[in-house]
Amino acid sequence: MCARFSLFSGRARLARLFQVPDLPEFEPRYNIAPSLDVLAIVAGPSGREGHWMRWGLVPFWADDRKVGLSLINARGETVAEKPAFRRSFEKRRCLIPADGFFEWETIAGKKQPHFIRARDGEPLALAGLWERWHGEDPPLESCTIITTSSNAVIEPLHDRMPVILPEAHFDEWLDPESDRQRLLRLITPSDDELLIEYAVTPKMGNTRYEAPDAIEPIGTQGSLF
DNA sequence: CCAGACGTTGTT
DNA sequence: GTCTGG
DNA sequence: CCAGACGTTGTT
DNA sequence: GTCTGG
C-alpha cells in the first residue's frame with residue numbers, strides 16, 4: 001500500500017520532470033500522511049497544472065468529507081468498477097510526485113518502517129485519482145493513490161505497493177480521452193531495478209515527526225529493541 | 001419500489 | 001450518482 | 001500508515 | 001477494541 005510518503009525535490013526539478021511551468025512554492029516534506037494536502041499534477045484546459053489536494057478521496061456524492069478519509073488508496077484491480085472511484089478513473093486521473101514512500105515491516109509484533117526510493121534519486125510519479133466535492137465552498141479537491149501487487153523489492157515488506165508511472169506514460173495517464181484498456185495496462189508493479197529500500201527511524205511513525213532524518217538509513221542492529 | 005452502501009489495509 | 005439487497 | 005483518544009452538559 | 005486526526 002502507500003500511506004506515508006516524502007516530497008523534498010525542489011520546485012524547479014519537479015517543474016521540469018512533470019512539465020508544469022508554474023508550480024507553487026512549498027517546503028520539503030519528509031512525512032506526508034493521509035488527510036494532509038498533497039501536490040497532484042492534473043490535466044488542465046491548457047496543459048498540466050499542480051493542485052494541492054486533500055489526501056483521501058471524497059467521492060462527489062459523499063454526504064460529508066469524512067467519507068473520504070479511508071479512501072487513501074484504490075486497488076488497481078477494481079478501480080474501473082468501484083462506485084467510489086469509477087468516475088475519477090474515467091475522467092480525473094493525476095500524478096502525485098513523491099521522492100519516496102514508507103512501508104512498515106512487522107517483526108515479532110514490532111513495526112519497522114522502511115523508505116523506498118528510486119535508485120537514481122529521481123522523484124517518482126505515483127498514479128492517482130482525484131475528485132471535486134461540492135459539499136463545501138470552495139469545493140474540496142481530494143485524491144487517492146492507486147495500488148497494485150508488490151515487486152521483488154517491496155515484497156519482503158508488504159504485498160501491495162503504489163503504482164509508479166514512468167515519464168513515457170505521463171501523457172497517456174493524464175489525458176481524459178485515453179482508452180480504458182490501455183490505462184489498465186499501466187497499472188502494474190514497477191521494475192525491480194527502479195527502486196531501493198532501507199530501514200529508517202521508527203520515530204517517523206509519529207506523523208508530527210517531520211525532520212529530514214525520517215528518510216535516512218539506520219543500522220538494522222540495535223534500532224528495534 | 002425504497003434504503004443503504006459506496007473503500008483499503010492489516011490483524012486476529 | 002449508481003448499484004445492491006431486501 | 002501510526003498515534004492518540006475514547007464524554008456530557010449547559011452556557012456564551 | 002475502535003474510531004479520529006495527522
Side-chain angles (χ1 to χ4, degrees), chain A residues 1-7 26-39 52-93 96 98-117 124 126-136 139-140 142-150 154-163 187 189 197-211 213-215 218 223-224:
Chain A
M1 76 175 301
C2 183
R4 215 72 83 75
F5 68 94
S6 296
L7 183 63
F26 61 91
E27 294 297 311
R29 294 163 74 197
Y30 298 92
N31 197 356
I32 301 172
S35 83
L36 301 179
D37 282 348
V38 301
L39 179 64
W52 292 104
M53 295 186 186
R54 184 182 173 81
W55 183 11
L57 189 141
V58 182
F60 65 97
W61 41 257
D63 294 324
D64 67 283
R65 58 149 75 198
K66 272 191 286 185
V67 174
L69 273 173
S70 55
L71 307 186
I72 62 170
N73 291 143
R75 289 180 65 85
E77 295 88 337
T78 53
V79 80
E81 290 94 38
K82 292 289 184 183
F85 301 129
R86 202 177 98 172
R87 193 177 93 157
S88 290
F89 180 69
E90 284 167 9
K91 292 294 169 194
R92 297 185 198 274
R93 294 175 300 278
I96 298 171
D99 283 288
F101 56 94
F102 299 91
E103 299 287 358
W104 278 260
E105 179 185 32
T106 303
I107 307 168
K110 305 270 183 178
K111 303 281 190 174
Q112 173 61 58
H114 292 245
F115 191 58
I116 298 102
R117 62 189 303 179
L124 305 171
L126 307 184
L129 307 175
W130 68 285
E131 192 49 87
R132 192 176 280 131
W133 182 66
H134 292 272
E136 58 190 44
L140 177 73
S142 62
C143 61
T144 191
I145 294 172
I146 299 180
T147 62
T148 186
S149 51
S150 288
I154 315 292
E155 208 277 326
L157 309 174
H158 254 316
D159 62 348
R160 306 291 297 172
M161 68 178 288
V163 173
I187 298 177
E197 66 84 12
Y198 50 81
V200 295
T201 176
K203 282 189 282 186
M204 61 72 52
N206 191 323
T207 55
R208 278 178 272 241
Y209 193 83
E210 298 179 305
D213 70 359
I215 65 153
I218 57 166
S223 56
L224 269 181

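A, B, ... follow the sequence lines: proteins, then strands. Residue 1 opens every chain.
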A/F85: ring pair (Phe, Tyr, Trp, His ring centres under 6.0 Å) partners, not counting sequence neighbours: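 So A/F85 forms no ring pair (Phe, Tyr, Trp, His ring centres under 6.0 Å) with any residue.
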Interface with DNA chain C, restricted to residues 127-135 of chain A and to heavy atoms under 4.0 Å: none
Close approaches to DNA chain C from residues 154-163 of chain A, in residue order (heavy atom, under 4.0 Å): none
Roughly, in whole Å, what's the span from [atom1] in [X] to [atom2] in [N]?
X: A/E105; N: B/dT9; atom1: CD; atom2: C1'; value: 17 Å
X: A/M1; N: B/dT9; atom1: CE; atom2: P; value: 6 Å
X: A/I187; N: B/dT8; atom1: CD1; atom2: P; value: 12 Å
X: A/W55; N: D/dC1; atom1: CH2; atom2: C1'; value: 8 Å
X: A/K110; N: B/dT11; atom1: NZ; atom2: P; value: 15 Å
X: A/L36; N: D/dC1; atom1: CG; atom2: P; value: 16 Å

With rounding to the closest Å, how many angstrom separate the [atom1] atoms on [N] and [M]?
N: B/dT11; M: D/dC1; atom1: P; result: 7 Å
N: B/dG7; M: E/dG6; atom1: P; result: 26 Å
N: B/dA3; M: D/dT12; atom1: C1'; result: 40 Å
N: C/dT2; M: B/dT9; atom1: C1'; result: 25 Å
N: B/dC6; M: E/dC3; atom1: P; result: 14 Å

Is any side-chain heavy atom of [X] less than 4.5 Å from a side-chain heavy atom of [Y]?
X: A/R75; Y: A/R160; result: yes
X: A/L71; Y: A/S142; result: no
X: A/I32; Y: A/R4; result: no
X: A/S88; Y: A/F60; result: no
X: A/Y30; Y: A/M204; result: no
X: A/R132; Y: A/L140; result: no
X: A/C2; Y: A/M161; result: no
X: A/I154; Y: A/F101; result: yes

Residues forming a salt bridge (charged side-chain N to carboxylate O under 4.0 Å, His left out) with A/E27, sequence neighbours excluded: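 Per chain and number, A/E27 pairs via salt bridge (charged side-chain N to carboxylate O under 4.0 Å, His left out) with no residue.
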Under 4.0 Å protein heavy-atom contacts per nucleotide of nucleotides 2-7 of chain D, with B for base, S for backbone only and - for none: SSS---
NA contact type, [X], heavy-atom cut-off 4.0 Å: base, sugar-phosphate, or nothing?
X: A/P59; value: nothing
X: A/T78; value: sugar-phosphate
X: A/R86; value: sugar-phosphate
X: A/F102; value: nothing

Whether A/W55 side chain and A/A33 backbone form a donor-acceptor pair below 3.5 Å: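 No, because the side chain of A/W55 does not come within donor-acceptor range (under 3.5 Å) of the backbone of A/A33.
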Residue that, paired with A/F102, satisfies side chain to side chain contact (heavy atoms under 4.5 Å, CB included) out of A/I215, A/L157, A/I116: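 So the option named by the test is A/I215.
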A/T201 versus A/P113, closest heavy-atom pair with distance: O-CG, 3.5 Å
Watson-Crick or G-U wobble mate for E/dT2, both contacts under 3.5 Å: D/dA5
Side-chain ion pair, A/E210 and A/R29, N-O less than 4.0 Å: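 No salt bridge links A/E210 with A/R29.
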Parallel, tilted or perpendicular: rings of A/W52 and A/F26 (30°, 60°): perpendicular
Interface limits on DNA chain C, where chain A has a heavy atom under 4.0 Å of a nucleotide atom: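 So the contact region on DNA chain C extends C/dG1 to C/dC3.
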